Structure formats: C-alpha cells, structure tokens
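Below: the structure, in structure tokens.
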Amino acid sequence: MCGIVGYAGSRQAAPVLLDGLEKLEYRGYDSAGVCVYNEAGLNMVKAKGRLSVLRDRLEGGTALPGNVGIGHTRWATHGAPSDVNSHPHMSWTGKIAVVHNGIIENEARLRAKMYRKGATFQSETDTEVVANMVGYYYEKFGDFVQAVRETVMRLEGSFALGIQCIDHPDTIIAVKKDSPLIFGFGEGEHFIASDVPAILKYTQTVAYLEDGDMAVFDANSVTFYDSTGEEVAKKRETITWEMSAAERGGYDHFMIKEIYEQPKALKDTISPRLRDGKIDLDGVELPADYLNGLRKIYLVACGSAYYVSVLAKYIIEKTCRIPTEAVMASEFRYSDPVVDERNLVIFVSQSGETADTLAALREAKRRGAQTLAIVNVVGSAIAKAADQVIYTWAGPEIAVATTKAFTTQLAVVYMLAMQMAKTLGTMSDEEYDALVKGLEQLPYDVESVLDQKHLERCQKLASRYHAHHDAFYIGRNIDSGICLEGSLKLKEIAYLHSEAYPAGELKHGPISLIEDGTLVVALATIQDLFDKTMANIKEVKARGADVLCVTLEALEENASAISDSTIAIPAIHPMLQPSLSIIPLQLFSYYVALYRGCDVDKPRNLAKSVTVE
Ligand code: M6R
C-alpha cells in the first residue's frame, strides 16, 4: 500500500524515480508524484491517476532536472485521490518534502498540535502532518537529523519515510517502522525503495532497514542509526533474482505470466525440501511431545492466504488429527482468541507485511503461542516476527491477484502437514511415500493443466460467460476451499459479483438467488462426494442455473450429462488435487476480465500489499 523511492547520485533523478515507481505501482496506483532538488529548490510534480499521467507530465523525467529526489505511488487512505493529496508533501515552511508509506494513527492529534504552532495544510493526508512536524522541528533546532528524530518519536502507526530538506540539497533521510524499506548501494549513488524490484535495474546490493532504523545519505556516503540513535553497520545482501523476474517478459500481463510460472515456483518450493524421499522443512522444529500437547492449531491470514488456511484446516485435521481452525487476521486480532502456549499459530502471507496478519502475529506471541509463518518475501516483517518461518520460493509476485503465491503456499501446507503427521505417527508410511511421489510430480501435473487445450477451453468458456452479472461457486470439502479462491479471483479482477458456498449449504438461503441463466461454477473433484455434488448441480439446474463444472477427466462424462459445460483435469493424489483445480479457475477469471475490458494487473480500489488495517 503505497510505494516510495529515493535517489541520490550523478544520474538525472526523475527518470530513475519514475522507473522505480513503475515497479512499485502494484502497491497502489491512484496517484503518483516526485520531488527533485535543483537550483530552483525542491520541485514537486504530482498527478492523480496512473503513473503514466505523471510520466507524461514530466516528459519521461526530462522536464525535471536534478540528481537527488524522492517519489511516491499512492493507495489513498486519508483523502481521495487528487493532485493535492498526492505525495510528496511539503511543510508549510517550504523547506521539507516527504513521501510516506503507512498510516499515522495519531494524525488528528498531531494535526491539531501543528495548527497551534501556526502550520497550514493543503491536503487531507496524514503525511502532510509529518512534513509539517519535521518543518517545525527543523525551525526549532536547525538540525535536519534531529528534526526527523523529534518527529518520528511522536508518530504512532506505521511509516516508511523519505525526506528532503532545502538546506541539505544532497541529502535524503529515510526512516521506517512497520512498513518495508530497503537501502540500495551503487557506485557513487544510493537508493531507497519499498521493494527490491524498484532498484534492481541499478543495483543488486541492498540492506534491509529494521524498525526504528534511520539512513542519512547522499550520493557518496550513508550513515545508519538504530532506534536508540546509535550509529550501526548494516549487513549488505546481494539480491539473486534476475531482472526478468520483475518484468512482464513477452506476456500481456503479470497475472498470466505468474500463472505460467507456477510449475517453476512449485519446483523451487518443493524440491529443496525433499531429500531421499523425506521432507525436511528448513529445520522447522515441531517435536512429537510439543505436537501431542497442542489443543488446537490456528491458521491466520487475509484474502487468498486465508483461503489457503481454509484448505489447510481440512488437510491438517485429516492428516494429523489435531483440531485446526482458519481465522481471518482482521477478526483474530480483536477476538480475544483462546490462545496460549498450547496453541501453534500459523500465519500465511505472500508479502509478509499485511497489517492485520502482522498485528495478529504479535497478539498470538503476546499470549504465549508458538508462531510459524509461511511467507514469500524474504526478510519481511512477518517473516522476522514469527518464531519459525518457511518461505515459499515463488519469486516476486507483481499482479495484484495472487496465483503462484497461492499454489506455493498450498505446497508448503502439504509438506508441513506431512511432516507433522509423520512425527505424530498419524500417517502410514505408504501414504507418506505416495504423497512424496505426488509432490515430486506436482509441478509437472500443474504444467499439464496449463497446456493449449485447457487454455483454449478456459478462453472459450470465458467468452461464453463473461457478460453474466452473478456467479456462485459451489463444492464440497477441499473443493469448497478452492471455490472461495476461484470466486475471489473472478470478483477482484473481472468485477463480476461472485460468491462461494459449500455445495450443501446453498439450499439454506443462497439458492433463492438462482434464476434463469445464473452462472454456477461447480467443483466436483472428490470421487467420494461426486454424487452429492451432482445432486446439488441438479438442484440449481432445476432453478435455471447455467452450470460450469470443473471435474476429473474420469468423471467428465457423468458431469457433462447434467452440466452445461465442463473443464476436466487429471486426477492426482486427492490431498494435492486443489493445486490442479485452481488452475482453470485462474485462467477462466483472467479471460473473463479481458473480455470485460478490465485492468487485470491493477484492479480498481486494490493494492498488492495491504499495510493498513
Ligand atoms: O500479502 P498477503 O498474502 O498477506 O496478502 C493477503 C491478501 O491481501 C491477498 O491474498 C489478496 O486477497 C489478493 N489480492 C488475492 O488475490
């Protein structure tokens, strides 16, 4: 949610900032702006709308000369998207410019205080409060670093800040708490950014700032301070991603590229954890006496990561026989959960910075639970805060709608369940071996569903159904978990109203909404429950629904006898089947979105990382 960049070096800053913002647009895209210092002072250019509007206004950056600057791409929290609410924000003293990712929770109190000090405000944003505070303390102490420190110690909430001062034209100060910020080292140039792709074109050497850290830098030098104000050395890390990982390549959208990256992402996530037919999850320790003493496992997450958690409940309960519950992070944190050291709480997050998930993690720790995080972004806040972490090796996921992060999270869940079941003795050796084989084969199975035949089928069905107004996804057991994710994919990128229900639940209310032509997507991939789901299909057919059934190849004939259309996928180990069922639903949503003319990678009102609650 919001992305910031900063540059000090010998290049022209504006084009570097625009490059960086383009890579951060996934974090928010309702407006953007930059501030660059030159002989005319601190020059800000801001524009409501996509980054392309700002790019045009800046003539690709050439219209704004200067070598030091900061930039921002916004997802509005305080005040509607507009030129004036866009960042950077200037202090009323005209000396301090600020970009900010995060949310200042005590902004109303601070704003009132700044009014009393004589400040004026142009925007409705919390960020302008920060600019005015730094401006005020700069007037008071005449020291840029001290002014930032005085400000930061009074801020509540989350922030990653990039700050310029007109009297220190070569310097940028960066500081963070609960919002991500990386520092990039170049030859005679330095960078800050909310995420690695923003600066990968220029450097692969970075340092991750910790909460409370401050970086004071110009082109040639940087000094890092910790939260106590002590000077600290930061560890330099080398990013090993290829530049292409954060590029669209030949694809029209990041989403379709990432759908096609799933076999590789799965291979990268599974292979290093399989050794000699055994699972070794990065040294994660969950010994038998600990697992035997657990009264319940919780999985806590948001959005698609929550749907992975719903699936995990079925999988862990079946394999480990430990009561397991999936809870939305936004609910968990305020629910006074029954959690103590007899609970394992697992947090699932692609970004590792989702505000509700992070807060829920802190709450679980406070209550004494052991915490385990399944995270994609290395070094992210959730990865750092959890007692143990298992990374999904999906690579950078740029499209707002998750695909490869979802399937790799699911792969980690399978492996975790198997490891726990093996420790507990609740899974036979034969079953364990069959699952190991199934996992080894999984990337290839996913690849097989990404072939031309399935692609064309999904495209054809999307052309048939894209004009529908409502969709209902129904399925039983783990199929119902996949329905949740399939339905979310459709609504978030295609703006088509869609709901998901366990198939047996439909007749307890939602069936009243089924009328002539209502689209019902039915998942029927579980042999034992196939007849039950077919009965549910008959019920909605009897009320006029147009049914698309996703089923196994061997069951397609039966399914097609009562459905209007079908998509068939190969049968694999039943526990792993959801990894295949989701693929056609991803493709279907993608093509429906294209037919409806939607901006697939940047759906309205959304942002990739939800860093505010
Ligand atoms: O980064 P996280 O996995 O914590 O994000 C959680 C959700 O915001 C995310 O899954 C969201 O629902 C996606 N847009 C779904 O495609």
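Side-chain atoms are counted along with the backbone in the values below, which use heavy atoms only and exclude waters and symmetry mates. Keep in mind the model is a prediction, meaning the values are calculated, not measured. Whatever order the structure lists ligands and atoms in, that order sets their numbers, starting from 1.
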Nearest heavy-atom neighbours spanning R27 and N101: NH2-ND2, 3.4 Å
Could you tell me whether D470 and K491 have a side-chain N and a carboxylate O separated by less than 4.0 Å? no
Polar atom proximity, K489 to ligand 1 (N or O, under 3.5 Å): yes
H466 vs Y591, ring pair (Phe, Tyr, Trp, His ring centres under 6.0 Å): CA-CA, chis, key distance, verdict: CA-CA 8 Å; H466 74 274; Y591 287 113; over 10 Å; no
So, is the end of the R604 side chain (NZ or CZ) under 6.0 Å from the ring centre of Y495 and within 45° of the ring's axis? yes
Closest protein heavy atom (residue, atom, distance) for atom 15 (C) of ligand 1: S304 OG, 3.0 Å
Which ligand 1 atoms, with their elements, are less than 4.0 angstrom from a heavy-atom of A401? 16 (O)
Could you check whether any side-chain N or O of N376 sits under 3.5 Å from a backbone N or O of G395, counting only pairs where one atom can act as donor and the other as acceptor? yes
Considering non-hydrogen atoms only, spot the tightest contact between T324 and E317 and give its length. N-OE2, 2.8 Å
Of all the non-hydrogen atoms in the protein, which one sits nearest to atom 2 (P) of ligand 1, and at what distance? T354 OG1, 3.2 Å
Among K23, K257, K201, which one satisfies salt bridge (Lys or Arg N to Asp or Glu O under 4.0 Å) with E247? K23
Please compare K608, E485, Q350, E492 and report which has the shortest non-hydrogen distance to atom 14 (N) of ligand 1. E492
Mark up the atoms of ligand 1 that fall under 4.0 Å of a heavy atom belonging to A305, in ascending order. 3 (O), 10 (O)
Among all protein non-hydrogen atoms, which one is nearest to atom 1 (O) of ligand 1, and what is the separation to 0.1 Å? S351 OG, 2.7 Å
What I want to know is whether V400 and ligand 1 share at least one N or O pair that is separated by under 3.5 angstrom. yes
What's the shortest distance from atom 6 (C) of ligand 1 to any protein heavy atom, and which residue and atom give it? C302 O, 3.3 Å
Tell me the protein heavy atom at minimum distance from atom 8 (O) of ligand 1, and give that distance in Å. V610 CG2, 4.0 Å
